[in-house]
Structures are given as C-alpha cells and as structure tokens.
Enquirer: 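Sharing a structure below in structure tokens format, with a few things to ask.
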Amino acid sequence: MKPLLLKGVRPYGEGEPIDLLIRDGVIASQNDLAQHGDNAEIIEGNGAIVLPGFVDLHTHLREPGREDTETIETGSRAAALGGYTAVFAMANTDPVADNAVIVEHVASRGREVGLVDVHPVGAVTVGLKGEKLAELGTMAKSKANVRVFSDDGLCVHDPLIMRRALEYSKSLNAVIAQHAEEPRLTIGAQAHEGENASRLGLQGWPAAAEESIVARDCILAKQVDARLHVCHVSTTGTADVLKWAKARGTKVSAEVTPHHLILTDDRLSTYDPVNKVNPPLRTQQDVDALRQALADGTIDCVATDHAPHAIQDKDCEWSAARPGMLGLQTALGIVVETMVRTGLLDWRGVARVMSERPAEIAGLTDQGRPIEVGEPANLVLVDPDATWTVNGAELASVSGNTPFEGMELPGAVTATILRGRVTALRQMIVDRRIAE
Ligand code: DOR
Ligand code: ZN
C-alpha cells in the first residue's frame, strides 16, 4: 500500500496545520515524512481537523434477517461516511446474535466489506427473551472475540439474570450494555410521559422506567464489582443516578444518542413516526441536562443507536410504527451543533466522547488512540466550517428514516481512514485534488 500524506491538517483542531504521513497503517515519523513524503498519495487537508476515527458502541446493522432495511455493507458505508472506524453491531437481528455462529458470521462479513471494524455485540439472554443466559463465554472465546453483551431493544429486566450476567461478564472481562426500561412501567407506551403525550392521547413512557433500572443495575454492578454500560440515557434523573453511582466507585459507563441531545417531545405534534424512538424524545430540561452530563463526563460518550426501518414500518400510524432513527451520518453534525457550537466541548472533547471513551469501554486497543507516531492510523478528517443539508434519500443506508431531513448541519467528514486506507472521501477533496 502506498503511503498516505495528509497535507495541512490540525490534530484535535489545535495549532498550525501540519503534514501527517501514514505508512504501513500507522502514523509515521518526521524522518519517514522526509524520506517517503514525495511518493505518497495526497489528501489536501486545507486546515481540516484530524481526530481519532469515531467508535460507535450502538449500531443496528440488521443483518442477518432484515437486509431490506440495512446490511453490514450499507451500514459500514454509512459508518465510514460518518467518520467511524469501528462500530458495534447490536444483537437484535433475526436470528438473534446469541451464539458463536451468528457473531462469527457478522464479524467475518464486516471484515469482507472492510470499510469499518464491525464488532458484533452478543445477546445477554437466549433469543432476547430475558429468561435464560446466552452462552456468553462461547461468544467471548469465539473468533468474534465478543466483549460487549446486550439485549438492546429489550431490557434485561429480571434482576437475578442481570446479576448473573454481570458476574459472568466480569470473568470474561466484558461489559453488559443495558437498555434500561422496566417493562411493567412501559406497557403500551408510545411517547414520553408528560404534557405532550397527554394532549395527543398517547400512552406515556415514564422517566422512572429508565431511572429505576439504572439505579438497580448500578447497585448490582457495584455489589459484584462488574462493568455496566447504560445505553441511550434519556432523562435528567438517570444522569443524577449515574453521578451518584460513579461517586461511590461503581464501574458504570453511559452513552447518549445525538437525537436525545437535540430533539424534544415537542416534535410529536405532527404525529410523524420518524420521531418515534425508544427511549422516547424527552423534554428540553432533559436535553439540557444530558448535554451538561456529557460535557462533565457523567455520561461518557455518544452512541448513535442507528436504527434503520423499512418504509412500511415508519410510514404508518404512530402506534404501529417501529421505534428508531438513522444516526451514523448525522452524529458528528449534531454533536458539533449541540456541544461544540455551544462551547460545552472543544475538539479534544469530541475525540473523547466519540472515539476514546467508547474504545476504552469496549476494550479496543487499536481505536481511539492518540494521534502520535507509531499509533494505528484510524483517523477522521473534519472540515469544521463546512455545512451540509441532510437528505435521507442520499444517505448510504438502505432505509431513509432520519428525523433531521432538510436540516443544515455544521461540520463535515472529509475523509475517514482505517489502518491507513481511505474508506470515505468527500467529493469536495477529490475535486480540489483534480483542480490542482
Ligand atoms: O429506538 C430504538 N430502536 N430503540 C431500541 O432500543 C431498538 C432500536 C431498534 O432496534 O430499532
Ligand atoms: Zn435500546
């Protein structure tokens, strides 16, 4: 592979632009740059910010089973275009990824596509039924090397099963990612329990259904000294519980989705199911609290919960629609809009919440690394001044269910690099190179 020269880029958006040479998949030294710079392929950075490639702990790739909505290939393409170099593929496929055969299939298909590292998440319980632990050890020891387990889409609601799962995961050096939703409190739930749901006549999904499970699981994780990860935190109260649990030394981490950082249940008045998601969109007070919690580290990272759905499952009446929205290609823009433009995070902070922390939580040693000589070249180039308009039909996903349709987003991914190989390149750069 030819060396790759990133010309005029600013690591973490700091300092003057520099030239960065990538050779044999790693960031090369100044010496190498002098020696091999001339015979390298060039990407003109034009002052673009370079960050470690993003890592998404929560992606629904829908393969196997729902290839009509997304495949490992289309989802990988969306991920690369969104600046991601690694994604964790959720287990709620059909069949469920609750055994070594399925997780190995997902991992190997991901490798074949080769656009992003695809790490399968293993189910916690057989068939996501919440009744019997899946064979976590077999999945961990399989070629897929599973280190994150989750029944996402559903909550591991039985406290005894959750405790056992935490105990096993500890011995496997893995983490249990919990979709926190007490099912007895969300029977028939359609929207955040509050004013909007009452006015629209939709059954409420109370904040307590999330908070009570997070509190319970933090207590269990502390008791067995295991690692818990809380998926898609959506309420002020959950952030409070996390703060408390972290203060007493619980090994808990948490993620927030881009959509919960910007959208509120005011969106519901149109009855457009593109806004239906689980957990539901909450209130402006929650949005503000989540931004604050992400800024101060109470919430560790951003994860997309990228959830493609078929037209017939979204373009229907609210109660029949499936919950979920696309996220991979819009995540950075939403983070820039809500966290960078507001002064809550600088670019180092973006690297922390979109790359470093998620890589650490999942135990990846080759992602979320510092931009330094000898480190693997898993990188993303971001033009902070570019804006673009979201068009669901143009996104790489098979499905088009984005709630950000028509929105102008700041910050564009101009290139994504996986172990020194360019996996996404924005037309703009290609044009510039041709123009020169
Ligand atoms: O909105 C959601 N969609 N939340 C989940 O937990 C699951 C996901 C899906 O699989 O569509
Ligand atoms: Zn979930």
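Any value given below was found using the heavy atoms of this structure, including those in side chains, with hydrogens, waters and symmetry copies removed. We count ligands from 1, going down the list as the structure has it; atoms in each ligand are counted the same way.
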Enquirer: What are the atoms of ligand 1, with element, lying closer than 4.0 Å to any heavy atom of Gly324?
Expert: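 That gives atoms 1 (O), 2 (C), 3 (N) of ligand 1.
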Enquirer: What is the nearest protein non-hydrogen atom to atom 3 (N) of ligand 1, stated with its residue, atom name and distance?
Expert: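 Among all protein heavy atoms, the one nearest atom 3 (N) of ligand 1 is Pro323 O, 3.0 Å.
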Enquirer: Do His58 and His232 have their ring centres less than 6.0 Å from each other?
Expert: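 Yes, close enough.
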Enquirer: Output the distance between atom CG (Asp313) and atom CG (Asn401), rounded to the nearest 0.5 Å.
Expert: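 Asp313 atom CG to Asn401 atom CG measures 9.5 Å (nearest 0.5 Å).
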Enquirer: Would you kindly check if the NZ (Lys) or CZ (Arg) of Arg10 is within the cone defined by 45 degrees around the ring axis of Trp347 and under 6.0 Å from the six-membered ring centre?
Expert: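 Cation-pi check for Arg10 and Trp347: fails.
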Enquirer: Taking 2.8 Å as the cut-off, does Asp305 contribute an N, O or S atom near the Zn ion (ligand 2), distance below it?
Expert: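 Looking at Asp305, which is the residue asked about, there is no N, O or S atom under 2.8 Å from the Zn ion (ligand 2).
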Enquirer: N/O of Val277 under 3.5 Å from N/O of ligand 1, yes or no?
Expert: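 No; the residue has no nitrogen or oxygen that sits under 3.5 Å from a nitrogen or oxygen of the ligand.
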Enquirer: Please work out whether any backbone atom (N, CA, C, O) or any side-chain heavy atom from C-beta onward of Arg62 is under 4.0 Å from ligand 1, and answer side chain, backbone, both or neither.
Expert: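 For Arg62, the contact with ligand 1 is made by the side chain alone.
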Enquirer: Can you say whether the rings of Trp318 and Tyr271 are parallel (under 30°), tilted (30 to 60°) or perpendicular (over 60°)?
Expert: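 Rings of Trp318 and Tyr271: perpendicular, as their planes differ by over 60°.
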Enquirer: Using a heavy-atom cut-off of under 4.0 Å, does the side chain or the backbone of Arg322 touch ligand 1, or both, or neither?
Expert: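 No part of Arg322 is near ligand 1 at this cut-off.
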Enquirer: Looking at non-hydrogen atoms alone, which of Asp152, Asn401, Asn278 comes nearest to atom 4 (N) of ligand 1?
Expert: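 Ranked by closest heavy atom to atom 4 (N) of ligand 1, first place is Asn278.
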Enquirer: With a heavy-atom distance limit of 4.0 Å, tell me whether His309 approaches ligand 1 through its side chain, its backbone, both, or neither.
Expert: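 Looking at His309 and ligand 1, just side chain atoms fall under 4.0 Å.
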Enquirer: Between Glu70 and Thr74, do the side chains contain a donor N or O and an acceptor N or O under 3.5 Å apart?
Expert: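 Yes, side-chain donor-acceptor contact under 3.5 Å.
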Enquirer: Tell me whether the Zn ion (ligand 2) has Cys231 as a neighbour, meaning an N, O or S atom of it below 2.8 Å.
Expert: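 No - counting backbone and side chain alike, Cys231 has no N, O or S atom under 2.8 Å.
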Enquirer: Verify the distance criterion only: is there a donor paired with an acceptor across the side chains of Thr304 and Asp56 at less than 3.5 Å?
Expert: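 Indeed, the side chains of Thr304 and Asp56 share at least one donor-acceptor pair under 3.5 Å.
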Enquirer: Counting each atom of ligand 1 from 1 as listed, which ones have a heavy atom of His179 under 4.0 Å away?
Expert: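 Checking each atom against His179, I get 6 (O).
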Enquirer: Is ligand 1 under 4.0 Å from a heavy atom in the side chain of Ala307, in the backbone, in both, or in neither?
Expert: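 For Ala307, only side-chain atoms sit under 4.0 Å from ligand 1.
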Enquirer: Under the side chain to side chain contact (heavy atoms under 4.5 Å, CB included) test against Leu133, which residue among Val156, Val124, Asp98, Val126 passes?
Expert: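 The residue from Val156, Val124, Asp98, Val126 that satisfies side chain to side chain contact (heavy atoms under 4.5 Å, CB included) with Leu133 turns out to be Val124.
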Enquirer: Could you go through the side chain to side chain contact (heavy atoms under 4.5 Å, CB included) check for Val274 and Phe404 one step at a time?
Expert: CA-CA 9 Å; Val274 79; Phe404 306 117; over 6 Å; no
Enquirer: How far is atom 8 (C) of ligand 1 from its nearest protein heavy atom, and which residue and atom name does that atom have?
Expert: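 The protein heavy atom lying closest is His60 NE2, 3.6 Å.
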Enquirer: Pick from His192, Glu193, Glu182: which one makes a side chain to side chain contact (heavy atoms under 4.5 Å, CB included) with Pro206?
Expert: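 It is Glu193, the one option of His192, Glu193, Glu182 that forms the side chain to side chain contact (heavy atoms under 4.5 Å, CB included) with Pro206.
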Enquirer: Just by distance, with hydrogens left out, do Gln367 and Ser355 show a side-chain donor and acceptor under 3.5 Å apart?
Expert: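 Their side chains do not contain a donor-acceptor pair, so the 3.5 Å distance test is not met.
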Enquirer: Can you give me the OD1-the Zn ion (ligand 2)-NE2 angle for Asp152 and His232, to 10°?
Expert: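 About 110°, to the nearest ten degrees.
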Enquirer: Do you see an N/O/S atom of His179, backbone or side chain, under 2.8 Å from the Zn ion (ligand 2)?
Expert: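 Yes.
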Enquirer: What residue and heavy atom of the protein are closest to atom 10 (O) of ligand 1, and at what distance?
Expert: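 Looking only at protein heavy atoms, the one closest to atom 10 (O) of ligand 1 is Asn92 ND2, 2.9 Å.
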Enquirer: Taking 4.0 angstrom as the limit and counting only heavy atoms of Asp305, give me the atoms of ligand 1 inside it, by number and element.
Expert: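 Those qualifying, in numeric order: 2 (C), 4 (N).
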